[in-house]
Undergrad: 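What follows is a single structure, and I will ask about it in a moment.
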Amino acid sequence: MKPEPRRAVPMKVQRDCALALCASLMRKLGMIPVEVTPQFELDHVPALALREIDPVTGQHRPHQHDPAHLVWMRKEAHAAKTFGTGATTRGADAGDIAHNRRLTAKEEAFRSRLLAKTTGAPLPPVKPKHRFPPGRKLPSSKNIGARP
């Protein structure tokens with residue numbers, strides 16, 4: 001079943017998360033200068049693409065609007081958490097989603113091969129691995145060490 005479409009976070013949930021953030025900041029006594037107006041965004045923790053999907057209802061587990069899994073973050077921090085630092089996506093949501101997608105495809109191919117073996121069905125074709133880049137010839141022993 002397809003996951004439910006991504007919807008906008010309701011204002012009530014945004015307000016509740018903002019109030020919780022303000023309360024925690026007040027507890028820490030951190031002050032933001034008046035001339036600075038930071039931009040905040042809501043972040044889903046864990047990312048929606050990394051959550052389980054209920055096969056019956058098609059909704060994410062936990063729900064995408066669950067206040068316990070929404071965190072207000074500065075725009076810069078949210079972008080770094082989502083897309084990485086620019087040098088790499090390791091540890092970022094985008095990198096984890098891509099890694100999960102690759103693993104899922106490999107697991108599906110492996111399971112189909114196992115199923116074909118147990119049922120006696122023909123095995124799916126396996127893509128041959130190239131030992132040397134295609135289009136290039138192997139160097140001959142005559143040309144090794146020869147100078148042009």
Side-chain angles (χ1 to χ4, degrees), residues 1-140:
M1 175 173 262
K2 291 181 90 176
E4 66 178 329
R6 186 182 192 112
R7 300 180 304 179
V9 180
M11 288 300 293
K12 180 183 181 306
V13 176
Q14 289 184 25
R15 184 199 65 207
D16 293 343
C17 289
L19 289 173
L21 176 68
C22 288
S24 68
L25 289 175
M26 289 174 77
R27 272 187 240 112
K28 291 180 183 178
L29 295 175
M31 302 300 274
I32 298 175
V34 176
E35 64 271 3
V36 177
T37 55
Q39 299 290 322
F40 287 98
E41 292 180 344
L42 272 174
D43 180 43
H44 293 87
V45 180
L48 292 179
L50 298 174
R51 294 184 188 186
E52 283 184 41
I53 296 176
D54 187 355
V56 177
T57 63
Q59 293 184 348
H60 294 91
R61 283 190 233 162
H63 194 271
Q64 62 180 334
H65 297 152
D66 185 359
H69 297 278
L70 290 171
V71 178
W72 284 101
M73 297 178 80
R74 294 182 74 113
K75 274 190 171 186
E76 300 84 17
H78 184 227
K81 181 185 177 296
T82 304
F83 303 112
T85 59
T88 181
T89 58
R90 186 177 184 103
D93 292 341
D96 293 342
I97 292 166
H99 179 73
N100 194 12
R101 195 174 296 137
R102 284 191 302 270
L103 282 181
T104 304
K106 287 180 182 177
E107 286 173 2
E108 181 135 353
F110 176 71
R111 288 180 183 172
S112 67
R113 287 194 310 270
L114 280 181
L115 186 63
K117 285 180 183 178
T118 58
T119 60
L123 293 171
V126 177
K127 184 178 174 183
K129 294 183 179 178
H130 293 286
R131 300 186 92 206
F132 202 73
R136 292 186 57 194
K137 295 180 181 177
L138 290 170
S140 66

Undergrad: Where do Pro55 and Arg61 come nearest, in terms of heavy atoms and distance?
TA: CD-NH2, 3.3 Å

Undergrad: Listed by chain and number, what are the salt bridge (Lys or Arg N to Asp or Glu O under 4.0 Å) partners of Arg113, not counting sequence neighbours?
TA: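 Not a single residue meets the salt bridge (Lys or Arg N to Asp or Glu O under 4.0 Å) criterion with Arg113.
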
Undergrad: With sequence neighbours left out, what residues match Arg101 under side chain to side chain contact (heavy atoms under 4.5 Å, CB included)?
TA: Ile97

Undergrad: For residues Ile53 and Gln59, determine if any side-chain heavy atom of one lies less than 4.5 Å from a side-chain heavy atom of the other.
TA: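 Side-chain contact under 4.5 Å: no.
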
Undergrad: Mind jotting down which residue pairs meet the ring pair (Phe, Tyr, Trp, His ring centres under 6.0 Å) criterion with at least one end in residues 48-72? Sequence neighbours excluded, please.
TA: His63-His65

Undergrad: Which residue pairs pass the salt bridge (charged side-chain N to carboxylate O under 4.0 Å, His left out) test with at least one member in residues 77-94, sequence neighbours excluded?
TA: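 Those involving residues 77-94 are Asp43-Lys81, Lys81-Asp93.
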
Undergrad: Output every pair passing side chain to side chain donor-acceptor pair (under 3.5 Å) with a member in residues 115-126, not counting sequence neighbours, ordered by first then second residue.
TA: none

Undergrad: With sequence neighbours excluded, tell me which residues meet side chain to side chain contact (heavy atoms under 4.5 Å, CB included) with Glu41.
TA: Lys75, His78

Undergrad: Kindly write out the residues that satisfy side chain to side chain contact (heavy atoms under 4.5 Å, CB included) with Lys12, not counting sequence neighbours, or none if the list is empty.
TA: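 Lys12: side chain to side chain contact (heavy atoms under 4.5 Å, CB included) contacts with Arg15, Asp16.
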
Undergrad: For Ser112, which residues count as a side chain to side chain contact (heavy atoms under 4.5 Å, CB included) partner, sequence neighbours excluded?
TA: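 Pro124.
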
Undergrad: Of all heavy-atom pairs between Ala92 and Ala80, which one has the smallest distance, and what is that distance?
TA: CB-O, 4.0 Å

Undergrad: Tell me whether Glu108 at atom CD has more than 12 heavy atoms from other residues, nucleotides or ligands lying less than 6.0 Å away.
TA: no

Undergrad: Please name the pair of heavy atoms, one in Thr57 and one in Asp54, separated by the smallest distance, quoted to 0.1 Å.
TA: OG1-OD2, 3.1 Å

Undergrad: List for me each residue that meets salt bridge (Lys or Arg N to Asp or Glu O under 4.0 Å) alongside Glu76, sequence neighbours excluded, and say none if there are none.
TA: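 Glu76 satisfies salt bridge (Lys or Arg N to Asp or Glu O under 4.0 Å) with Arg74 only.
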
Undergrad: For Gln14 and Val9, work out which heavy atoms get closest and say how close.
TA: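 Between these two residues, the closest heavy atoms are NE2-O, 2.9 Å.
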
